[in-house]
Amino acid sequence: MHSPTVFVATADLAGQVRGRSVPSDSLDRVLRRGVGWVPANLALSSFGTIAPNVFGSTGDLRLMPDPATRVDIPGTDDDPGVSLLLADQVLLDGSPWPCCPRTFARNALAELRERTGLVVQASFEHEFMAPDLVDERPFSFARHRNAEPFGSELVGLLDTVGLQPENWLPEYGAGQFEITLEPTDALLAADRAVLLKELVRDLARRHGQRVSFAPLLDPAGSGNGVHVHLSLRDAEGRLVLHDPSGAGGLSDLGQRFAAGVLAHARALLAFTAPSPTSYLRLMPCRWSVGGVFLAERNREALLRICPTSTVGAADPTSQYNLEFRAADATANPWLVLGVLIRAGLQGLGESYTPVHVWPEDVTETELAEVPALPRSLDEALAELEADKIVSSWFHPDLLATHLAVKRAELDEVAGLSDRERCARIANAH
Ligand code: GLU
Ligand code: MG
């Protein structure tokens, strides 16, 4: 059965999915011509206010839906279905709008491919809290069952719409769950990260349950991370991150890619961890990220070399991947992907010294000299402005709008306690 409406959407700098709906019988026309959109919408904050911006009341765009992103959320007796499509933001003549986050990701991937022949596979792992399903049994079968029928319906829905669910699990924190998707082409993986959160929220709404992907709901509680897994293939389709003779099994190419990410990490965080409470999560001893370093399998590393297994005669090279752990769901997945690719490309292209690969059991004392993460969003934004390489990747209007939106969000929660800040951000995400 056809859904009565089609919602054409983009994801913005506040990590929100926004757009317009049309009757489903106009889908063909909308696929050809798009729907109208407004440049100043890019300046909307997580709290729904418009930050100061260069666009003002002028200008018009089109949201051009990509049919490959379409998911059909089926209706139930009392709740209509909808088709959701993600879109590129283009100018009225169809040319790319230089501030479109999805275009930013696509361009970064295209440039990596043009300059190195490399293509990227990715997977975004999401953690979230369902505060109505709180219990104190981390990883337990009891919590898994307690979340029914929501859990089974979620896995079924993700499967039906083609998001390829991999794991659905009760996580450590009270009421915390995690959902992972199979790795896939990187742009598609970022599209799926945008869609996944909406599918989870929409299903929770149907069940009358609250969910939040915010980095922290309670300053003393567990954090919700978004861990981004990356692997690289060369033009011949060979996986190129793994070299058993390299430190930690990481190839020379992988070490240079990682070096670019580490060298610019403090500025990248302004995009990957862009909310006022992101930095309460990013602290040592939280299994989020304890500093700017690369390590084998250690869950406090900014970049983690993930484990591989030979059980069942599995091939380590096909599993080998790098995990970026300093992202959260207040970020725009296209920008997260785009900045990681640009930073990695920077490492491949310049004379970056290959990074040090710390062993899994590296101690806090040994890590004393690795660079610290920014301690606040304020600090990350200052790092972004100071990093002329990272700043240069963005159209000046996109960069200025990002800074303005994030500073507006900081102003909005200024003067609140950490607990109150967490509550504000949790409401918005
Ligand atoms: N919840 C942790 C985070 O904030 C991650 C725990 C894990 O390794 O799954 O990133
Ligand atoms: Mg987890």
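When a residue number appears, it is its place in the shown sequence, counting from 1.
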Indicate the atoms forming the closest heavy-atom contact of [X] with [Y], along with that distance.
X      : Y      : result
Val355 : Ala259 : CG1-CA, 3.5 Å
Pro65  : Gly34  : CD-CA, 4.0 Å
Thr310 : Pro316 : CG2-CG, 4.0 Å
Asn298 : Arg304 : O-CD, 3.5 Å
Ala380 : Leu269 : CB-C, 4.3 Å
Ala214 : Ala426 : CB-CA, 3.6 Å

Does any N or O in the side chain of [X] come within less than 3.5 Å of the main-chain N or O of [Y], such that one atom is a donor and the other an acceptor?
X      : Y      : value
Asn53  : Gly56  : yes
Gln319 : Asp315 : yes
Arg201 : His429 : yes
His207 : Pro149 : no
Glu127 : Gly225 : yes
Asp66  : Met64  : no
Ser251 : Val240 : yes
Asp132 : Arg210 : yes
Thr277 : Arg421 : no

Do [X] and [Y] touch side chain to side chain, with heavy atoms closer than 4.5 Å?
X      : Y      : answer
Glu198 : Ile73  : no
Gln121 : His229 : no
Val120 : Leu109 : yes
Leu216 : Arg286 : yes
Arg143 : Leu133 : no
Arg192 : Ser123 : no
Val357 : Glu296 : yes
Ile179 : Leu158 : yes

Does Leu250 form a side chain to side chain contact (heavy atoms under 4.5 Å, CB included) with Leu294? I'd like the steps, not just the answer. CA-CA 11 Å; Leu250 189 60; Leu294 163 74; 3.8 Å; yes
Using the salt bridge (charged side-chain N to carboxylate O under 4.0 Å, His left out) definition, which of the options Arg407, Arg266, Lys406 pairs with Glu385? Arg407
[X], [atom1]: over 12 other non-hydrogen atoms inside 6.0 angstrom:
X      : atom1 : answer
Arg375 : CZ    : no
Glu364 : CD    : no
Arg233 : CZ    : yes
Glu369 : CD    : no
Arg419 : CZ    : no
Tyr172 : OH    : no

Should the pair His126 and Phe124 be assigned to parallel (<30°), tilted (30 to 60°) or perpendicular (>60°) ring geometry? parallel
Ring centres of Phe271 and Phe104 under 6.0 Å apart? no
Centroid separation Trp168 to Phe177 less than 6.0 Å: yes
Mind running side chain to side chain contact (heavy atoms under 4.5 Å, CB included) on Trp287 and Glu300 for me, showing each step along the way? CA-CA 5 Å; Trp287 290 26; Glu300 294 265 313; 3.7 Å; yes
Cut-off 3.5 Å, side chains only: do Asp88 and Trp97 have a donor facing an acceptor? no
Can you find a side-chain donor-acceptor pair between Ser45 and Glu409 that sits under 3.5 Å? no
[atom1] of [X] to [atom2] of [Y]: how many Å apart, nearest 0.5 Å?
X      : Y      : atom1 : atom2 : result
Gln16  : Ser46  : CD    : OG    : 5.0 Å
Gln346 : Arg256 : CD    : CZ    : 13.0 Å
Leu253 : Thr116 : CG    : OG1   : 7.5 Å
Asn41  : Leu13  : CG    : CG    : 11.0 Å
Leu195 : Lys197 : CG    : NZ    : 9.5 Å
Phe47  : Asn427 : CZ    : CG    : 9.0 Å

Side chain to side chain contact (heavy atoms under 4.5 Å, CB included) between Trp334 and Thr10, intermediate numbers included: CA-CA 10 Å; Trp334 294 314; Thr10 181; 3.9 Å; yes
Dump the intermediate steps for side chain to side chain contact (heavy atoms under 4.5 Å, CB included) on Cys422 and Leu280, then the final yes or no. CA-CA 9 Å; Cys422 285; Leu280 298 172; 3.9 Å; yes
